[in-house]
Amino acid sequence: MTDQLDQPDDVNLADLPTPPGTHDLLAKFQPLIREREALLATGVRDPFAIVMTEVKSPTRAIIDGRDTILLGTYNYMGMTFDPDVVAAGKDALDRFGSGTTGSRVLNGTYHPHKDVEEALRDFYGTSSAIVFSTGYQANLGVISTLAGKGDYIILDADSHASIYDGCWLGNAEVVRFRHNSVDDLDRRLGRLPKEAGKLVVLEGVYSMFGDVAPLPEMVKVAKKHGAMVLCDEAHGMGFFGANGRGVYEELGCEADIDFVVGTFSKSVGTVGGFCVSNHPDFEVLRLVCRPYVFTASLPPSVVATAAASIRKLKNAADKRAHLWKNSRRLHAGLRELGFTIATETAQSAIIAVMMPEQETTVALWQALLEGGLYVNMARPPATPAGTFLLRCSLCAEHSDEEVGQILRIFEDAGRAVGCIA
Amino acid sequence: MSERDDIFARVAAQIEPFNRKGVDVTEATGFQRDLEWDSLTVMDFVAAIEDEFDITITMNMQADIDTVGQLVDAVERLKGARP
């Protein structure tokens with residue numbers, strides 16, 4: 001059917017006069033602009049406009065001239081100021097310059113890029129590792145390329161934005177299942193055509209509530225239905241499992257995960273993303289994956305710091321132990337003070353404090369900051385079920401004394417705002 | 001009751017737990033426009049419809065479903081397509 005048949009003969013929409021002035025494409029964001037203005041008019045500061053003028057260590061920075069404890073950085077293993085890591089970056093900056101100005105498949109692959117992929121293969125014990133310019137691009141590229149037209153992607157409803165965007169970039173059919181529900185995954189897989197290709201996308205740790213996926217049960221269901229499995233270990237790398245590979249290592253499902261996606265911007269302490277796999281044909285992604293091909297590669301100093309950090313993370317058992325101690329202590333301490341935490345126990349290094357609504361959330365966030373503590377504020381739609389959260393992420397470099405200080409700041413701020421008795 | 005009426009009745013029953021505004025549900029009712037559902041409510045509701053009718057409504061299809069009538073059409077089609 002042509003457009004002409006749908007329209008009366010005497011009306012051609014293209015012939016109508018253009019309304020005066022430019023149609024403002026930003027007008028649709030007015031409700032958000034007004035909501036923000038109303039919030040800021042109450043006198044609180046903007047939770048999404050923090051500037052750190054000086055960063056002293058993985059756990060300390062100067063914000064508004066005040067020495068502040070950082071409890072919302074995802075710098076889980078505290079590698080950002082490790083002397084070996086910093087030295088590796090400086091050396092690469094001297095030897096290879098400030099940037100590659102090119103794609104990995106053209107002029108953008110230097111020795112440090114190959115070296116960090118070797119460090120990843122060794123860390124994960126896999127035959128292949130492909131590095132992307134960010135973790136976001138790793139999910140975007142791998143998911144959109146693996147699942148093509150006629151294939152199905154089955155993802156957890158609470159998946160990270162980069163996973164959803166990877167789905168939109170590709171041509172596969174997308175099906176969601178209820179967060180962490182093995183039965184729901186099983187039912188949805190069972191309704192799909194038997195012969196279709198299927199990619200189940202899971203995360204080891206879900207970053208909003210800091211809860212862990214029941215990976216062994218989910219992987220078993222995925223395999224029963226003939227699906228391949230991708231697991232995002234962005235928030236698990238470094239401190240889950242004997243080798244720090246992630247939740248999937250800790251829970252013993254290494255043999256059944258086909259692709260592991262990760263990032264350099266959390267435990268590794270810089271920026272970049274990757275996917276590792278034992279699939280014999282995995283390297284073909286370098287030729288067909290658009291977010292890998294059509295962007296500049298990471299600066300050599302960045303990949304050199306990542307390689308040095310990854311090699312140290314492999315043997316960081318003491319740091320892992322201290323991080324877990326910090327996480328359990330904060331979880332128990334906040335509960336004792338009367339705060340509600342998203343998980344019953346400390347399942348990861350993310351401890352999410354559940355808040356009632358936006359105003360109290362921002363008030364407590366600001367009181368904490370004024371007390372010398374920075375945490376992340378999270379609000380819908382980034383959060384599940386319309387919740388407001390103050391998200392704390394611990395670092396292996398937080399000292400016992402600092403964790404004690406953090407709890408005292410929470411106690412004072414919570415009482416001042418009226419969140420706890 | 002025709003099969004379509006039956007589907008409408010079952011869809012309407014699934015809407016009720018999410019119908020906080022107490023909207024009178026007809027084929028023309030819009031999920032966003034009239035029921036004012038956010039994306040999280042849509043997710044829960046779609047899961048409920050999938051389980052009620054034992055069908056798959058992909059996210060790709062959801063983009064084209066704005067009203068109750070369009071959803072009833074989609075359910076009718078998907079039930080027919082099932083092996």
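By convention in this document, chain letters (A, B, ...) are assigned in the order of the sequence lines, proteins followed by strands, and residues within each chain are numbered from 1.
Interface with chain B: from residues 134-151 of chain A, no residue qualifies, criterion being any non-hydrogen pair under 4.5 Å. For a heavy-atom cut-off of 4.5 Å, chain B lies close to A:R188, A:R191, A:L192 in residues 188-210 of chain A.
Heavy atoms closer than 4.5 Å to chain B are found nowhere in A:S181, neither backbone nor side chain. Only the side chain of A:Y152 comes within contact range of chain B, judged by heavy atoms closer than 4.5 Å. Using a 4.5 Å cut-off between heavy atoms, B:D38 does not touch chain A at all. A:R187 touches chain B through its side chain: at least one heavy atom from C-beta onward sits under 4.5 Å away, while N, CA, C and O do not.
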query: After noting the C-alpha distance and the side-chain angles of B:T58 and A:V175, does the key distance pass the side chain to side chain contact (heavy atoms under 4.5 Å, CB included) rule?
result: CA-CA 5 Å; B:T58 65; A:V175 178; 4.0 Å; yes

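Under a cut-off of 6.0 angstrom, the local environment of CD in A:E359 is sparse, with at most 12 non-hydrogen atoms contributed by other residues, nucleotides or ligands. Heavy atoms from other residues, nucleotides or ligands lying under 6.0 Å from CG of B:D24 number 12 at most. Heavy atoms of other residues, nucleotides or ligands lying less than 6.0 angstrom from CD of B:E52 number more than 12. Within 6.0 Å of CD on A:E344 lie no more than 12 heavy atoms contributed by other residues, nucleotides or ligands. Within 6.0 Å of atom CD in B:E16, more than 12 heavy atoms from other residues, nucleotides or ligands are found, so the atom counts as buried in its surroundings.
B:N60 places a side-chain N or O within donor-acceptor distance of the main-chain N or O of A:A172, the cut-off being under 3.5 Å.
Listed options B:M61, B:Q62, B:E50 were ranked by heavy-atom pairs under 4.5 angstrom with chain A; first place goes to B:E50. Interface summary for chain A: among B:V46, B:T41, B:T56, the most heavy-atom pairs under 4.5 angstrom belong to B:T56.
Nearest approach of A:Y164 to B:M59, heavy atoms of both residues: CE2-CE, 3.8 Å. Residues A:R178 and B:D51 approach most closely at NH1-OD2, 3.0 Å, considering heavy atoms.
Atoms CD1 and CZ, on B:I57 and A:R176 in that order, are 11.5 Å from each other to the nearest 0.5 Å.
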